[in-house]
Amino acid sequence: MKALQYRIAIFASGSGSNAEEIIRYFKHHSSIEVVLVLSNNADALVLQRAARLNVPSCIFNKAQFRESDEVINWLKEAGVTHVVLAGFLWLVPNNLIHAFPNHIVNIHPALLPKFGGKGMYGAKVHEAVKAAGETETGITIHLVNEHYDEGEILFQTSCGVTSQDSPTDIATKVNQLEYRHYPVVIEKWIMPSK
Ligand code: GAR
């Protein structure tokens, strides 16, 4: 038995490749563990990844998430201390933010404040970066508040974009940055003294 002090819940809506990296990173960690994966999408690949990695998961609908404390109660029952959004597409409601003040983190696949806000997620972000003719993009890891992509920025790093890069090429570069940095930034956020 690990002397676990910190328990993460990951919210994800889709593929969950970041969720998988995070689960794997903390699998043998002495103080941090991913204890729950939650999704608004019953068909999301992240649920299969969680099952494969032996992490329990829950599915919820909009009413459960936005109009009740049901999801918060699941988190409390699982002893969750920190919430990680990884490709989660719904706005986080105030009751959840207040239940975990400054304890919810998100990753955005661009250099905020550029290319953020409602409707800017996944491939749409990379298509917008391409359309704008940007020469660099990157990732932003930030605390979550009641507005999309506006909480305090904890970490940013960039990569170059060439005129030959397609949105898919840009996504590949950004994903590599995400996999390399998100788990480490989460660890430092939870345990700053480490
Ligand atoms: C990731 O690139 C993440 O940064 C992005 O969705 C992708 C999810 O991929 N999040 C957003 O765009 C949030 N606005 P994954 O499900 O394979 O981790």
Side-chain angles (χ1 to χ4, degrees), residues 8-27 34 36-53 55 57-60 62 65 82-93 96-97 104-132 134 136-161 165-187 189:
I8 294 174
I10 301 179
F11 283 71
S13 301
S15 164
S17 64
N18 277 283
E20 176 156 355
E21 292 290 328
I22 295 162
I23 293 166
R24 288 187 186 282
Y25 184 84
F26 290 113
K27 204 80 194 171
V34 177
L36 194 59
V37 166
L38 300 102
S39 185
N40 58 306
N41 176 5
D43 299 322
L45 183 58
V46 70
L47 296 169
Q48 293 174 39
R49 294 186 197 261
R52 207 174 343 104
L53 295 161
V55 178
S57 59
C58 308
I59 302 161
F60 55 86
K62 210 154 229 169
F65 191 55
H82 292 74
V83 173
V84 170
L85 311 186
F88 181 63
L89 302 186
W90 286 358
L91 189 64
V92 177
L96 182 48
I97 289 169
I104 309 177
V105 75
N106 180 45
I107 190 162
H108 187 76
L111 296 170
L112 291 174
K114 285 181 163 183
F115 306 106
K118 189 170 163 52
M120 286 301 264
Y121 57 87
K124 290 185 192 210
V125 176
H126 309 308
E127 283 157 16
V129 166
K130 172 79 186 166
E134 295 286 310
E136 66 165 13
T137 188
I139 60 170
T140 304
I141 298 169
H142 64 93
L143 297 181
V144 171
N145 65 16
E146 45 281 290
H147 305 288
Y148 277 110
D149 303 327
E150 283 185 18
E152 180 194 338
I153 292 175
L154 302 179
F155 178 86
Q156 287 186 305
T157 191
S158 61
C159 58
V161 177
D165 282 339
S166 67
T168 310
D169 297 328
I170 298 171
T172 302
K173 290 181 183 180
V174 168
N175 286 151
Q176 292 312 311
L177 291 180
E178 292 184 324
Y179 303 156
R180 185 174 337 136
H181 294 287
Y182 201 17
V184 180
V185 172
I186 291 168
E187 183 182 28
W189 167 60

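Counting starts at 1 for both ligands and their atoms, following the listed order. Here the structure is a predicted model, which is why all the values come from computation and not from measurement. Below, all heavy atoms of this structure are taken into account, side chains as well, without hydrogens, waters or symmetry copies.
When all heavy atoms are compared, the tightest approach of K27 to V55 is NZ-CG2, 4.3 Å. In terms of heavy-atom proximity, A86 sits nearest to I10 at CB-CG2, 4.0 Å.
No side-chain N or O of N175 forms a donor-acceptor pair with one of T172 less than 3.5 Å apart. Remark: the N41 side chain and the S13 side chain contain no N/O donor-acceptor pair separated by less than 3.5 Å.
Taking the ring pair (Phe, Tyr, Trp, His ring centres under 6.0 Å) definition, one finds that F155 meets it with H181, sequence neighbours left out.
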May I have every N or O pair linking ligand 1 to the protein at under 3.5 Å, one per line with atom names and distance?
unit_1	atom_1	unit_2	atom_2	d
ligand 1	2 (O)	E178	OE1	2.9
ligand 1	2 (O)	E178	OE2	3.0
ligand 1	4 (O)	E178	OE2	2.4
ligand 1	12 (O)	G122	N	2.9
ligand 1	14 (N)	H108	ND1	3.3
ligand 1	14 (N)	M120	O	3.3
ligand 1	16 (O)	G16	N	2.7
ligand 1	17 (O)	S17	N	2.9
ligand 1	17 (O)	S17	OG	2.5
ligand 1	18 (O)	S17	N	3.4
ligand 1	18 (O)	N18	N	2.9
ligand 1	18 (O)	N18	ND2	3.0

Between S15 and R49, is the side chain to side chain donor-acceptor pair (under 3.5 Å) condition met? List the steps. CA-CA 9 Å; S15 164; R49 294 186 197 261; 2.8 Å; yes
